[in-house]
Amino acid sequence: MTVLAVETSCDETAAAVVRDGRVLSSVVATQEVHALWGGVVPEVASRLHQRTLTALAAEALKRVQFEARALDGAAATIGPGLIGALLVGVSYAKGVAVALDVPFLGINHLEGHLWSAAAAGEQLPLPALALLVSGGHTELVRISGFGDYYPLGATLDDAAGEAFDKVGGLLGIPYPAGAKLAKLAEHGDNRAFPFAVARTDNPFDFSYSGLKSAALRAVRRAEEQHAENSSWKADLAASFQRCVIRQLVQRVTRALDGGEYASLTIGGGVAANHLLREQLAGLARNRGLRLLVPPVDYCTDNAAMIAWVAEHRLRRGETDPLSAEADPNLTLVPDSA
Ligand code: KG4
Ligand code: ZN
């Protein structure tokens, strides 16, 4: 089976082709313009998807010299995400499906992130524990099989990536700030600011709003005290990063303590973070557990993971009607909302 999938849920326009479980091509265009406003402007995102998507999808097919008419299915991310942005991709994929008389598949963006290591060619031993950490989501999920997911916990407020972006903004780092904040942190003292790891009633949930407020207070104080030099910024970045990662690793450790898992996998933009990767690698090593880490370009938003899930579903005979609606609040498991 060969499937073309597009991803337009946020600020990456992406297209990919997957055949029989293997990614043949994957192209991504990131909308840099949002840095001007310090966050994604939904209407601008939709318009840019509209402008870019057709050419990008054609490029994904051209790279593998694939004739559109030989496709077996057309897929798009159907949620969660920005509604206007989602509609561009969903309408495009439905158009392709109608034109070629092939099935349409609407794919859950979070399910794509869960399988991004698999899309990169790894076999995922099951059951697997998945940590999904992006700009919009922070979730801990037990994967028992394809389509069989159990959400253990999620953030009660901000997502981990959102905290990176907001605290990065306080330090003058343009959006999206995660990778640049991590770079700044390399030269800082990670104990200079004593940020505390949040507690939550459910031991597998996450919370970052308290840390964000503590960082805001610390920034205001440092700006007053050290108006003439900014070396505290690297210390704050390092202390903040340490605290975010400690919370993630703590919850993963608890989940591994509480259940039997054959592997651990991560996905989402924050999964590109070196400190997180290093610490999870140590944790997995100590427990003799396989850690499956996607390459950085499969951590951040991409269509390869969407096409991989779509092709897998198509092989199982699962398709969606052309009346399927984009859902900005789609969850991984329907009644987990
Ligand atoms: O998965 P993604 O591309 O988009 C969403 O679905 O949200 O994730 C983007 C998020 C942003 O918040 C960005 O700041 C964060 O991932 N990010 C990082 C790193 N690279 C990207 N956060 C921490 N460290 C990084 N190296
Ligand atoms: Zn994402």
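Below, each value reflects all heavy atoms present in this structure, side chains not excepted, and no hydrogens, waters or symmetry copies. In each ligand, atom 1 is the first atom listed, and ligand 1 is the first ligand listed.
In this structure, atom 21 (C) of ligand 1 lies nearest to the protein heavy atom Gly269 O, 3.4 Å. Scanning the protein for heavy atoms near atom 22 (N) of ligand 1, the closest one is Gly178 CA, 3.5 Å. With respect to atom 4 (O) of ligand 1, the closest heavy atom belonging to the protein is Asp301 OD2, 3.2 Å. Looking only at heavy atoms of the protein, atom 11 (C) of ligand 1 is closest to Asp165 OD2, 3.5 Å. In this structure, the protein non-hydrogen atom closest to atom 7 (O) of ligand 1 is Gly135 N, 2.8 Å. The closest protein non-hydrogen atom to atom 24 (N) of ligand 1 is Asn273 ND2, 3.0 Å.
Counting only heavy atoms from C-beta outward, the side chains of Phe240 and Phe193 never approach each other to under 4.5 Å.
Taking the six-membered ring for Trp and thresholds of 30 and 60 degrees, His34 and Trp37 have ring planes inclined between 30 and 60 degrees apart. Between Trp115 and His312, the ring planes lie parallel to each other; the angle is under 30°, not in the 30° to 60° tilted range.
Formation of a donor-acceptor pair under 3.5 Å by the Thr8 side chain with backbone atoms of Ala85 is found in this model.
Residue contact check: Thr300 has heavy atoms under 4.0 Å from atoms 3 (O) of ligand 1. Taking every non-hydrogen atom of Gly136 and a distance limit under 4.0 Å, the qualifying atoms of ligand 1 come out as 7 (O). Within the listing of ligand 1, atoms 6 (O) sit less than 4.0 angstrom from a heavy atom of His109.
Here His113 contributes NE2 and Asp301 contributes OD1, and at the Zn ion (ligand 2) these two atoms make an angle of 100°, given to 10°.
Both cation-pi conditions hold for Arg142 and Tyr261: the charged atom is under 6.0 angstrom from the six-membered ring centre and inside a 45 degree cone around its axis.
Under a 4.0 Å N-O distance rule, the pair Glu186/Lys183 qualifies as a salt bridge. Electrostatic pairing of Lys212 and Glu162 does not count as a salt bridge here, judged by no charged N lying under 4.0 Å from a carboxylate O.
Side chains of Gln241 and Ser239: a donor-acceptor N/O pair is absent below 3.5 angstrom, by distance only.
In the hydrophobic clustering of ILVMFWY residues, with side-chain heavy atoms under 4.5 Å counting as a link, Leu105 and Phe146 come out together.
Taking 4.0 Å as the cut-off, His137 does not count as a neighbour of ligand 1 on heavy-atom distance. For the pair Cys10 and ligand 1, no heavy-atom separation below 4.0 Å is found.
Only side-chain heavy atoms of His113 come within less than 4.0 Å of ligand 1; its backbone N, CA, C and O stay farther off.
Here His109 reaches the Zn ion (ligand 2): one of its N/O/S atoms is less than 2.8 Å from the metal.
Asp189 and Asp235 make their closest contact through N-OD1, 2.8 Å (heavy atoms, listed as atom of the first residue, atom of the second, distance).
At least one N or O atom of Gly161, backbone or side chain, sits closer than 3.5 Å to an N or O atom of ligand 1.
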